[in-house]
Chemist: 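Take this structure, written in structure tokens, and hold onto it; I'll ask about it next.
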Amino acid sequence: MDCIFCKIAAGEIPSKKVYEDENVLVFHDISPQTPVHMLVIPKLHIASAAEVTGENSWVLARIFEVIAKVTAGDEFKDGFRVVSNCGSYAGQTVFHLHFHILAGKKLELKMG
Ligand code: AMP
Ligand code: ZN
């Protein structure tokens, strides 16, 4: 499958890894929108939040456990945002489910 995040998960494309386990990978976004901008992905290919099912939803719990782990440091103490864009209207450009972690500055409240 020609999926850039599957290739990153498989180590075929390099990334700046922050955290990795059997099911989840966290790496720095190549084009950071905030001082800290990381992406959290399941290693399993799921195209977007719209493709979550009873079969694969267990990985969402793992993802949010990892999000809590990687945001335990001082740079996140004032807060951070978790975002998942789903579909073209939301600006999704990589069709492998991912959660942006945005931090390091006070973020705008505007959501749309
Ligand atoms: P989205 O627009 O929500 O689908 O987010 C895709 C994100 O992936 C964007 O913020 C990109 O900057 C990021 N991205 C694309 N290719 C890479 C890559 N090779 N390594 C790290 N981040 C990437
Ligand atoms: Zn994929």
Side-chain angles (χ1 to χ4, degrees):
M1 196 192 312
D2 199 25
C3 170
I4 188 170
F5 285 179
C6 279
K7 287 180 179 161
I8 286 176
E12 291 163 15
I13 290 177
S15 66
K16 283 197 193 166
K17 286 182 194 173
V18 174
Y19 173 93
E20 181 171 21
D21 66 26
E22 208 183 332
N23 302 304
V24 181
L25 177 66
V26 185
F27 54 99
H28 288 287
D29 195 292
I30 205 164
S31 174
Q33 304 299 309
T34 48
V36 181
H37 186 175
M38 307 185 293
L39 299 172
V40 187
I41 66 168
K43 288 191 171 175
L44 180 75
H45 181 86
I46 301 171
S48 75
E51 305 296 323
V52 173
T53 65
E55 292 245 301
N56 63 25
S57 62
W58 62 269
V59 82
L60 274 297
R62 298 284 91 78
I63 282 175
F64 276 84
E65 287 166 29
V66 168
I67 289 174
K69 250 185 219 162
V70 298
T71 57
D74 241 23
E75 36 186 344
F76 301 96
K77 72 175 183 339
D78 294 322
F80 58 91
R81 183 169 292 161
V82 180
V83 178
S84 187
N85 297 320
C86 182
S88 61
Y89 265 31
Q92 186 177 9
T93 58
V94 176
F95 288 84
H96 179 126
L97 179 64
H98 53 281
F99 293 86
H100 299 258
I101 298 180
L102 303 162
K105 63 175 268 202
K106 189 158 169 48
L107 301 168
E108 296 290 329
L109 285 178
K110 195 166 175 282
M111 293 294 263

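All residue numbers refer to positions in the sequence shown, counting from 1. Each ligand, and each atom within it, is numbered from 1 in the order the structure gives.
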Chemist: Is a side-chain donor or acceptor of K43 paired with a backbone partner of D21 at a separation under 3.5 angstrom?
Modeler: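 Yes, K43 side chain to D21 backbone: donor-acceptor pair under 3.5 Å.
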
Chemist: Mind checking whether L25 and E20 have side chains closer than 4.5 Å, heavy atoms only?
Modeler: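 In short, these two side chains touch, coming nearer than 4.5 Å.
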
Chemist: With heavy-atom distances below 4.0 Å as the criterion, list the atoms of ligand 1 near L39.
Modeler: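 Taking each heavy atom of L39 in turn, ligand 1 has 8 (O), 13 (C), 22 (N) under 4.0 Å.
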
Chemist: Could you report the tightest heavy-atom contact between I63 and I41, atom names first, then the distance?
Modeler: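 Residues I63 and I41, closest heavy atoms: CD1-C, 4.4 Å.
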
Chemist: For residues F99 and L60, determine if any side-chain heavy atom of one lies less than 4.5 Å from a side-chain heavy atom of the other.
Modeler: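 Yes; the side chains approach each other to less than 4.5 Å.
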
Chemist: What are the atoms of ligand 1, with element, lying closer than 4.0 Å to any heavy atom of F5?
Modeler: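 The list of qualifying atoms is 8 (O).
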
Chemist: Just need the protein heavy atom nearest to atom 4 (O) of ligand 1, so name the residue and atom and give the distance.
Modeler: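 Among all protein heavy atoms, the one nearest atom 4 (O) of ligand 1 is T93 N, 2.7 Å.
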
Chemist: Any nitrogen or oxygen of V94, side chain or backbone, less than 3.5 Å from one on ligand 1?
Modeler: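 Among all N and O atoms of V94, at least one is under 3.5 Å from an N or O of ligand 1.
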
Chemist: If we only consider heavy atoms of G91, is any one of them less than 4.0 Å away from an atom in ligand 1?
Modeler: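 For ligand 1, residue contact (heavy atoms, under 4.0 Å) with G91 is present.
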
Chemist: Examine the proximity of ligand 1 to V83 and report which part, side chain or backbone, both or neither, has a heavy atom under 4.0 Å away.
Modeler: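 For V83, there is no contact with ligand 1 at all, from either part.
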
Chemist: Using a heavy-atom cut-off of under 4.0 Å, does the side chain or the backbone of F95 touch ligand 1, or both, or neither?
Modeler: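 None of F95 does.
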
Chemist: Using a strict cut-off of 4.0 Å, indicate which atoms of ligand 1 neighbour a heavy atom of I8.
Modeler: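 Atoms satisfying the 4.0 Å criterion: 18 (C), 19 (N), 20 (N).
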
Chemist: Do D2 and K7 have side-chain heavy atoms sitting under 4.5 Å apart?
Modeler: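 Yes, side chains in contact.
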
Chemist: Please state which part of I13 comes within less than 4.0 Å of ligand 1, counting heavy atoms only: side chain, backbone, both or neither.
Modeler: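 The answer is neither.
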
Chemist: Note the single closest protein heavy atom to atom 16 (N) of ligand 1, along with its residue, its atom name and the distance in Å.
Modeler: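 The protein heavy atom lying closest is I4 CD1, 4.0 Å.
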
Chemist: Suppose you place the vertex at the Zn ion (ligand 2); what is the angle out to C3 SG and C6 SG, to 10°?
Modeler: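 Nearest ten degrees: 120°.
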
Chemist: Just do the ring pair (Phe, Tyr, Trp, His ring centres under 6.0 Å) check on H100 and H98 with the steps written out, would you?
Modeler: CA-CA 7 Å; H100 299 258; H98 53 281; 5.1 Å; yes

Chemist: Quick one: does Q92's side chain have a donor or acceptor within less than 3.5 Å of a partner on A47's backbone?
Modeler: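 Yes.
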
Chemist: What are the two closest heavy atoms between L102 and L107, and how far apart are they?
Modeler: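 Closest approach of L102 to L107, heavy atoms only: O-CD1, 3.9 Å.
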
Chemist: Under 3.5 Å, is there a donor-acceptor pair between the side chain of H28 and the main chain of V36?
Modeler: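 No, because the side chain of H28 does not come within donor-acceptor range (under 3.5 Å) of the backbone of V36.
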
Chemist: In the protein, which heavy atom is nearest to atom 12 (O) of ligand 1, and how far is it?
Modeler: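 For atom 12 (O) of ligand 1, the nearest protein heavy atom comes out as D29 OD1, 2.6 Å.
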
Chemist: Find, among atoms of H45 that are N, O or S, the one nearest to the Zn ion (ligand 2), and state its name.
Modeler: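 Atom name returned: ND1.
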
Chemist: Of the protein's non-hydrogen atoms, which lies at the shortest distance from atom 1 (P) of ligand 1, and what is that distance?
Modeler: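 Checked against all protein heavy atoms, atom 1 (P) of ligand 1 sits closest to H98 NE2, 3.2 Å.
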
Chemist: I'd like to check which ligand 1 atoms, numbered from 1 as shown, lie under 4.0 Å from a non-hydrogen atom of S31.
Modeler: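 With S31 as reference, the close atoms of ligand 1 come out as 12 (O).
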
Chemist: Is H100 in polar range of ligand 1, meaning some N or O pair under 3.5 Å apart?
Modeler: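 Yes, H100 has an N/O under 3.5 Å of an N/O on ligand 1.
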
Chemist: For ligand 1, which atoms, with element, lie under 4.0 Å from some heavy atom of Q92?
Modeler: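 Checking each atom against Q92, I get 4 (O).
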
Chemist: Heavy-atom distances under 4.0 Å decide this one: backbone, side chain, both or neither, for H28 against ligand 1?
Modeler: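 Under 4.0 Å from ligand 1, H28 contributes backbone atoms alone.
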
Chemist: Please state which protein non-hydrogen atom is closest to atom 23 (C) of ligand 1 and give its distance, to 0.1 Å?
Modeler: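 Nearest neighbour among protein heavy atoms for atom 23 (C) of ligand 1, to 0.1 Å: I30 CG2, 3.5 Å.
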
Chemist: Is it true that E22 and R62 have a side-chain N and a carboxylate O under 4.0 angstrom from each other?
Modeler: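 Looking at E22 and R62, the cut-off is not met.
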
Chemist: Quick check: closest heavy atoms across F95 and G87, and the distance to 0.1 Å?
Modeler: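 Here F95 and G87 meet closest at CE2-CA, 4.4 Å.
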
Chemist: Checking one value in my table: which N/O/S atom of H96 lies closest to the Zn ion (ligand 2)?
Modeler: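 Looking at H96, the N, O or S atom with the least distance to the Zn ion (ligand 2) is ND1.
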
Chemist: Hey, is CD on E108 packed in by over 12 heavy atoms from elsewhere, all under 6.0 Å?
Modeler: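 Atom CD in E108 is not crowded, with 12 or fewer foreign heavy atoms closer than 6.0 Å.
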
